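Pasting a structure here, questions to come.
Fair warning: this is a prediction, and the values are worked out from it, not measured in the lab.
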Amino acid sequence: MTTYLEEKVEFYDQEYRAGRALITDKKFDQLERNLLRIEPKCDYFNNKKSLPLPSLPKDNLEEFLEDLLPDTRMIVEAKIDGCAIAISYKDGKLDKAISRKGKDVSRKIQAIKTVPKEINIRSSFVVRGELFTKEEEPAFSQRIASGYLRSRDYEPNQKITFAAFQIINGNCNQYESLNYLRKLGFSVLESYQANRTSQIKTYIEAWRSKKLFADIPTDGIVIKINSRKLQLLREKSYGTYPHWQMAIKY
């Protein structure tokens, strides 16, 4: 039986995915945590277990960097306001594209010019990226992209594009992964390297003052640990450590 709290969380989640965010991410995360504490086995969480694209944690920067050595290399990337997409390739050919909700959007994604239909890899290859709209404000970028995914139209607006930023089943560090994605023909946005908290805070302020990623519809920036070894350590120790990447928003 669905409770009022579960219905409330599902409603806010659906409105956000439709481009109509009604509450802040902080308030939504608090509601989701309350639901997890009260009803950990409800349908909402059972359905989310199959999703290939979980939301990025939004932790305190100091907590995220805690226990890392001062010279740990970090990668700073744009947090694009669009629709998260996972694309899998088999035998070098695009096999399937999945939205955050777990919906098969393969035909839609195949129509996007910045998505390679074939890559020079014969093993299984899974890419994470964002479908967004160029030359639009963040909220409109997400709304147009999600509208295209929901529509029956397979001819996308020419401004809709896809940018890749992660190899989900890869073993390379983040810097190498981004370069590899470029070589395979994916559109990859500019990123920056930092190895000190002060540098990261400088990038945060640059983004907030619209001096960083100004030509991209962003609603924040993403900080990522570069080392794949450290990434895996945090993934395995999720109960103790945050994830290896975090989002910083307004």
Side-chain angles (χ1 to χ4, degrees), residues 19 52-53 55-56 74-90 92-100 103-121 123-149 151 153-193 203 206-207 210-224 226 245 247:
L53 300 166
S55 299
L56 293 180
M74 314 294 290
I75 303 294
V76 179
E77 300 178 17
K79 185 180 182 303
I80 311 168
D81 200 353
C83 299
I85 301 291
I87 307 175
S88 66
Y89 290 81
K90 290 184 179 179
K93 296 182 179 180
L94 195 157
D95 177 60
K96 186 177 291 187
I98 304 294
S99 71
R100 188 188 295 279
K103 182 180 178 181
D104 188 328
V105 291
S106 303
R107 289 184 61 192
K108 296 281 188 175
I109 297 303
Q110 286 173 346
I112 304 297
K113 294 182 178 179
T114 50
V115 175
K117 307 304 180 292
E118 295 187 22
I119 58 176
N120 189 26
I121 290 181
S123 59
S124 174
F125 191 79
V126 186
V127 175
R128 176 175 178 164
E130 198 85 5
L131 189 70
F132 66 102
T133 314
K134 296 182 292 185
E135 302 173 12
E136 291 286 353
E137 291 297 316
F140 289 107
S141 166
Q142 197 275 344
R143 190 174 301 171
I144 294 171
S146 62
Y148 167 66
L149 293 179
S151 73
D153 187 6
Y154 290 92
E155 291 294 330
N157 181 316
Q158 293 299 310
K159 292 183 179 180
I160 296 179
T161 188
F162 176 83
F165 51 73
Q166 183 183 349
I167 302 172
I168 294 180
N169 60 337
N171 294 314
C172 299
N173 66 39
Q174 183 62 15
Y175 179 78
E176 293 169 341
S177 295
L178 294 176
N179 285 334
Y180 192 46
L181 287 167
R182 288 190 184 94
K183 291 179 180 179
L184 290 174
F186 289 95
S187 173
V188 177
L189 301 181
E190 189 173 13
S191 61
Y192 300 88
Q193 298 183 48
Y203 284 124
W207 170 74
K210 301 187 183 301
K211 296 178 181 179
L212 188 68
F213 306 130
D215 58 341
I216 304 168
T218 64
D219 60 350
I221 64 174
V222 180
I223 310 298
K224 299 182 178 181
N226 183 60
Q245 53 185 328

Quick one: does Glu130's side chain have a donor or acceptor within less than 3.5 Å of a partner on Gly82's backbone?
yes
Before you tell me yes or no, could you show the steps for Cys83 and Leu149 under side chain to side chain contact (heavy atoms under 4.5 Å, CB included), namely the whole-Å CA-CA distance, both residues' side-chain angles and the distance that decides it to 0.1 Å?
CA-CA 9 Å; Cys83 299; Leu149 293 179; 3.9 Å; yes
If you round to the nearest 0.5 Å, how far is CG of Asn173 from CD1 of Ile75?
7.5 Å
Return the CG to CD distance between Leu212 and Glu190, rounded to the nearest 0.5 Å.
8.0 Å
Does the Lys117 side chain pair with the main chain of Gln110, one donor and one acceptor, at a distance under 3.5 Å?
yes
Ignoring hydrogens and angles, tell me if any N or O in the side chain of Asp81 forms a donor-acceptor pair with the backbone of Thr218 under 3.5 Å.
no
May I ask you to decide if Lys96's main-chain N or O and Asp104's side chain share a donor-acceptor pair within less than 3.5 Å?
no
Start with the C-alpha gap between Leu131 and Ile112, add the side-chain angles, then the distance that decides, and say whether side chain to side chain contact (heavy atoms under 4.5 Å, CB included) holds.
CA-CA 9 Å; Leu131 189 70; Ile112 304 297; 3.9 Å; yes
Please report the C-alpha distance between Ile168 and Val127 in whole Å, then the side-chain angles of each, then the deciding distance to 0.1 Å, and finally whether the side chain to side chain contact (heavy atoms under 4.5 Å, CB included) criterion is met.
CA-CA 6 Å; Ile168 294 180; Val127 175; over 6 Å; no
dist Arg143:CZ -> Thr133:OG1 (nearest 0.5 Å) comes out at 11.0 Å
Given the rule in the side chain to side chain contact (heavy atoms under 4.5 Å, CB included) test, do Val222 and Phe165 qualify, once you have shown the distances and angles that lead to the verdict?
CA-CA 11 Å; Val222 180; Phe165 51 73; over 6 Å; no
Does atom CG (Asn120) have a neighbourhood of more than 12 heavy atoms from anything else shown, all under 6.0 Å?
no
Worked check of side chain to side chain donor-acceptor pair (under 3.5 Å) between Gln245 and Glu77
CA-CA 10 Å; Gln245 53 185 328; Glu77 300 178 17; over 6 Å; no
Starting from the C-alpha separation in whole Å, work towards a yes-or-no answer on side chain to side chain donor-acceptor pair (under 3.5 Å) for Lys108 and Ser151.
CA-CA 9 Å; Lys108 296 281 188 175; Ser151 73; 3.2 Å; yes
Separation between CH2 of Trp207 and CD1 of Ile216, rounded to the nearest 0.5 Å
12.0 Å
Out of curiosity, Asp219 CG to Glu137 CD, how far, rounded to the nearest 0.5 Å?
12.0 Å
Between Lys113 (side chain only) and Ala111 (backbone N and O only), is there a donor and an acceptor less than 3.5 Å apart?
no
Answer yes or no: is there a side-chain heavy-atom contact under 4.5 Å between Ile160 and Phe132?
no
Spell out, as yes or no, whether a donor-acceptor pair under 3.5 Å connects the side chain of Ser187 to the backbone of Ala163.
no
Taking atom NZ of Lys93 as the centre, report whether more than 12 heavy atoms of other residues, nucleotides or ligands fall under 6.0 Å from it.
no
Minimal non-hydrogen separation, Glu136 against Ser141, with atom names:
CB-N, 4.1 Å
Nearest heavy-atom neighbours spanning Ile85 and Val105:
CD1-CG2, 4.1 Å
Between Tyr89 and Pro116 (side chain of the first, backbone of the second, donor and acceptor by atom type, cut-off under 3.5 Å), is there such a pair?
yes
Can you confirm whether Ile223 sits close enough to Ile221 that some side-chain heavy atom of one is under 4.5 Å from a side-chain heavy atom of the other?
yes
Phe213 vs Tyr203, test: ring-ring contact (aromatic ring centres under 6.0 Å, His included). Steps then yes/no.
CA-CA 10 Å; Phe213 306 130; Tyr203 284 124; 8.3 Å; no
Check this for me: Tyr192, atom OH, are more than 12 non-hydrogen atoms of other residues, nucleotides or ligands nearer than 6.0 Å?
yes
Scanning both residues in full, the closest heavy-atom pair of Ser191 with Leu178 reads OG-CD1, 3.5 Å
To the nearest 0.5 Å, tell me how far Ile109 CD1 sits from Phe162 CZ.
7.0 Å
